[in-house]
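Data block below; observations after.
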Amino acid sequence: MQADENPLRLKKQLCFPIYLCSKEIIRRYTPLLKKLDLTYTQYIVMMYFWEKGQSNMRDLGRALLLDPSTLAPLLVKMEAKGYITKVKSKLDGRNLDVAITDKGAKLEEKAISVPGIVRECIDLSEEEAKMLYSLTYKILNNIERNDI
């Protein structure tokens with residue numbers, strides 16, 4: 001097999017440029033989010049709550065594709081910062097109800113400029129951004145349907 005035909009070459013991997021893009025985009029977010037006292041994953045959780053207001057831990061994990069072992073310590077830190085509250089669910093004592101606090105809601109005003117700043121770094125046209133968004137979700141949906 002010639003080197004160019006080897007399926008293990010980086011240039012043959014779709015996952016590699018996706019990984020690099022993700023890593024570099026998160027790197028651009030980091031200094032912006034540091035000013036808000038958020039990690040990137042905490043920012044994703046906050047965006048969920050800015051939209052939904054409240055949820056339970058199970059639905060939050062499903063929506064963000066975060067497993068309980070990642071989500072639980074994350075929520076502990078966010079609660080300590082005063083951004084969310086957690087209480088045992090009255091409907092299912094094995095689950096937690098999570099809600100944004102006033103302090104967490106006010107943080108949205110400070111974060112409103114973050115997506116635009118990062119988008120400038122990415123420098124895609126509106127059409128290209130929509131196409132990338134669509135293709136990325138197509139990949140995610142295909143992966144979920146075709147689990148290995």
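For this chain, numbers begin at 1 and follow the sequence in order. Treat the numbers as computed from the prediction; the structure is a model and nothing was measured.
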Would the distance check show the side chain of [X] and the main-chain N or O of [Y] forming a donor-acceptor pair, the cut-off being under 3.5 Å?
| X | Y | answer |
| --- | --- | --- |
| T136 | L132 | yes |
| D59 | S55 | no |
| Q13 | P7 | yes |

To the nearest 0.5 Å, what is the distance between [atom1] on [X] and [atom2] on [Y]?
| X | Y | atom1 | atom2 | value |
| --- | --- | --- | --- | --- |
| L135 | N142 | CG | CG | 10.5 Å |
| L71 | T41 | CG | OG1 | 10.0 Å |
| E108 | I100 | CD | CD1 | 7.0 Å |
| L60 | L74 | CG | CG | 8.5 Å |
| K11 | F16 | NZ | CZ | 13.5 Å |
| K81 | K103 | NZ | NZ | 9.5 Å |

Does [X] pair with [Y] as a salt bridge, N-O distance under 4.0 Å?
| X | Y | value |
| --- | --- | --- |
| K86 | D97 | no |
| E24 | R27 | yes |
| R28 | E120 | no |

Of all heavy-atom pairs between [X] and [Y], which one has the smallest distance, and what is that distance?
| X | Y | result |
| --- | --- | --- |
| I84 | M46 | CG2-SD, 4.5 Å |
| D37 | Q42 | O-OE1, 3.8 Å |
| T85 | T101 | CG2-CG2, 3.5 Å |

Donor-acceptor pair between T30 and Y40 side chains, under 3.5 angstrom: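 No, no side-chain donor-acceptor contact under 3.5 Å.
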Plane angle bin for Y43 and W50 - parallel if under 30°, tilted between 30 and 60°, otherwise perpendicular: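 Geometry flag for Y43 against W50: perpendicular rings.
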